[in-house]
Amino acid sequence: MIRLQKYLAHAGIGSLRACERWIAEGKVTVNGEIVTEMGIQIDPEKDTICFKGKPVQGEEKKTTIMLNKPDGYVTTAKDQFGRPSVLDLVDIPGVRLYPVGRLDYQTTGLLILTNDGELTQSLTHPKHHFPKTYEALLQGEVKSQDLETLRKGVVLDDGYRTRPAGARLIGLNGHNSRVEITIYEGKNHQVRRMAKAIRHPVLRLKRVRVGDLTLGNLNEGTWRKLTPKEIQSLKAAAQTDSQKDRKGKRK
Ligand code: URA
């Protein structure tokens, strides 16, 4: 339940004060009845609210999901080459979602999609060094020296030195190496460029974790809604991180 004037204001009709005035002027109906009384509670799921005779569409319900992105999908809505988009894999009636950040066309794994602008901002703001973990199959045998280089930061093809990262060998796959890499920033094609910098190019790349959120056993091409607890935890982590950053700056 929500107060009528608040519902109207959230739906973008006008400021709270303007909405109160329009209610008082008799411009608002609830289920066909003019309501001039201030502060009545309505149920957006059941009640029909009209302003000047036209139905008011409520604020879109905030929805956040995680998708296990398959290889061969772009994370933009439209693609100049007509390739399929991750948005083709998610169909929730009346809800328009946006990917949080990007994964390359060939990268698989954990992708968050949401219509919660505040969450997107928290997770993608360059000042929030939010951890993202990848499992990468790298060409050749990666030595401990190479892992150390990744951890300390490597110089990419454009001269940028990456921030300290996590890097550990998970195992060998024939003559190639399975490496877990955690980065705390999001430069374009960052993991692929880091791998290139140590001369062990990426053969396969999968994102398995974002903050505390893990992909788990979600099948490729499928998605699930995040629980309120998972969303809360993502927001809290991003906030803690920005506080750390502010403290760091004060020094
Ligand atoms: N780093 C990359 O190189 N590609 C991705 O898709 C994600 C991170």
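Computed over heavy atoms, backbone and side chain alike; hydrogens, waters and symmetry mates excluded. The first residue in the sequence is number 1, and the count goes up from there. Remember, it's 1-based here, ligands and their atoms both numbered in the order they're listed.
- For atom 8 (C) of ligand 1, the closest heavy atom belonging to the protein is Tyr134 OH, 3.3 Å.
- Within 6.0 Å of atom CZ in Arg224, more than 12 heavy atoms from other residues, nucleotides or ligands are found, so the atom counts as buried in its surroundings.
- Comment: Asp71 does not engage Arg204 in a salt bridge, judged by the lack of any side-chain N to carboxylate O separation of less than 4.0 angstrom.
- Tyr73 does not carry Arg83 over the face of its six-membered ring by the limits of under 6.0 Å from the centre and within 45° of the normal.
- Both tests pass for Lys187 against the ring of Tyr160: distance under 6.0 Å to the centre and angle within 45° of the axis.
- In this view, Thr120 and Val100, Thr114, Thr124 satisfy the side chain to side chain contact (heavy atoms under 4.5 Å, CB included) rule, not counting sequence neighbours.
- Residue Val191 has at least one N or O atom closer than 3.5 Å to an N or O atom of ligand 1.
- Applying the side chain to side chain contact (heavy atoms under 4.5 Å, CB included) rule to Lys143 yields the partners Glu141, Asp146; only residues at least two apart in sequence or on another chain are considered.
- Per-residue contacts place Leu205 under 4.0 angstrom from the following atoms of ligand 1 (heavy atoms of the residue considered): 2 (C), 3 (O), 4 (N), 5 (C).
- Below 3.5 Å of separation, one finds no N or O of Arg193 facing any N or O of ligand 1.
- With a heavy-atom cut-off of 4.0 Å, Val202 does not touch ligand 1 at all.
- Each of the following atoms of ligand 1 lies closer than 4.0 Å to a heavy atom of His189: 1 (N), 2 (C), 3 (O).
- Looking only at heavy atoms of the protein, atom 4 (N) of ligand 1 is closest to Asp104 OD2, 2.7 Å.
- Residues Ile170 and Glu180 meet the side-chain proximity criterion, which asks for heavy atoms closer than 4.5 Å.
- Those atoms of ligand 1 that come under 4.0 Å of a heavy atom in Thr107, given as number and element, are 4 (N), 5 (C), 6 (O).
- Close contacts of ligand 1 with Gln190, meaning ligand atoms under 4.0 Å from a residue heavy atom, involve 1 (N), 2 (C), 3 (O).
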